[in-house]
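Read the structure below first, then the notes.
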Amino acid sequence: MARSPLVAGNWKMNGLLASAGELQKIMAGAEKLAGVDVMVFPPATLLAGFAAAARGSRVAIGAQDCHALAAGAFTGDISAEMLKDAGAQAVIVGHSERRHYHGETDVMVRDKALAARRAGLMAIVCIGETQAERDAGHARAVLRTQLDGSLPDGTADFAVAYEPVWAIGSGLTPTPRDIADMHGFIRQFLSSRYGEAAQQTRILYGGSVKPSNAAELLTVDNVDGALIGGASLKAEEFLAIAQVYG
Ligand code: PGA
């Protein structure tokens with residue numbers, strides 16, 4: 001069974017109520033893209049409204065982070081159960097910005113992925129090496145450690161996003177050959193840990209994906225879609241990227 005591609009837009013800390021128009025454009029465009037799953041990850045303030053607006057459309061709505069526990073005295077945090085209740089179908093965990101600015105460790109990321117499973121959300125687990133790690137020739141070792149520590153045991157019911165930290169928001173990207181290498185490595189890791197079922201696990205590429213490089217980067221072996229930051233804020237650009245699979 002082939003993996004259906006997934007194009008996911010991570011809006012990060014961008015978007016106001018007025019951004020609903022952008023979602024409408026994405027929903028309209030996604031109607032013509034039957035071959036690709038489309039998801040938008042708005043900030044938490046827009047989640048419930050977007051989920052209600054997108055109900056019945058080809059666009060699923062997700063969240064950018066969750067707490068590992070279902071409820072409790074954790075001021076400012078949001079649980080996976082709350083996200084599900086607000087209409088989310090998925091959640092990004094372990095984004096490099098969460099790892100960097102919020103000190104999230106692999107263990108914390110795995111606990112969040114488990115929370116997503118508990119709540120019935122699909123987790124997109126992010127991994128990726130820094131420039132220094134790559135320069136030192138440690139990229140694979142870093143990915144192995146992150147995969148080992150961040151992925152939950154049991155079923156491979158999540159997606160993995162390979163996002164080299166140096167490619168995020170920088171305009172820089174790995175070559176298609178580099179991406180093929182890293183995604184092949186991740187696929188191998190998944191197969192050895194989860195067996196045959198890992199053939200169904202989607203591995204997304206993320207980091208400076210734009211309409212101009214999407215065809216080249218997203219048709220590489222073992223690339224099953226994209227996690228897109230900056231270019232997901234404009235419906236036309238986001239849809240132009242998704243069109244690669246359309
Ligand atoms: P970018 O971000 O597309 O703006 O590089 C990707 C991401 O952080 O998911």
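Order of appearance sets the numbers: ligands from 1, and atoms from 1 within every ligand. Numbers for residues simply follow the sequence, beginning at 1.
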Any atoms of ligand 1 less than 4.0 Å from a non-hydrogen atom of [X]? List them with their elements.
{"X": "G207", "value": "5 (O)"}
{"X": "S208", "value": "1 (P), 3 (O), 5 (O)"}
{"X": "G229", "value": "1 (P), 2 (O), 3 (O), 4 (O), 6 (C)"}
{"X": "N10", "value": "9 (O)"}

> Is ligand 1 under 4.0 Å from a heavy atom in the side chain of I168, in the backbone, in both, or in neither?
Replying inline: both

> Tell me, which protein residue and heavy-atom name are nearest atom 9 (O) of ligand 1, and how many Å apart are they?
Replying inline: E163 OE2, 2.6 Å

> Between E81 and K84, is there a salt bridge with N-O shorter than 4.0 Å?
Replying inline: no

>> For a salt bridge (charged side-chain N to carboxylate O under 4.0 Å, His left out) check, start with the C-alpha distance between E104 and R99, then their side-chain angles and the critical distance, and finish with the verdict.
In response: CA-CA 4 Å; E104 292 190 7; R99 291 177 185 264; over 6 Å; no

>> Minimum distance, heavy atoms only, to atom 2 (O) of ligand 1: which one of K12, Q64, H95, K210 is it?
In response: K12

> Within the distance-only criterion (no hydrogens, no angle test), does the side chain of R58 pair as donor or acceptor with the backbone N or O of L33 below 3.5 angstrom?
Replying inline: yes

> Is the W11-F50 ring centre distance short of 6.0 angstrom?
Replying inline: yes

> Taking the six-membered ring where the residue is Trp, are the ring centres of F189 and Y194 under 6.0 Å apart?
Replying inline: no

Within the structure, does [X] bring an N/O atom to less than 3.5 angstrom of an N/O atom in ligand 1?
{"X": "G169", "answer": "yes"}
{"X": "G230", "answer": "yes"}
{"X": "E97", "answer": "no"}
{"X": "S170", "answer": "no"}

[atom1] of [X] to [atom2] of [Y]: how many Å apart, nearest 0.5 Å?
{"X": "I168", "Y": "T130", "atom1": "CD1", "atom2": "OG1", "answer": "11.0 Å"}
{"X": "I179", "Y": "I203", "atom1": "CD1", "atom2": "CD1", "answer": "12.5 Å"}
{"X": "D221", "Y": "D181", "atom1": "CG", "atom2": "CG", "answer": "11.0 Å"}

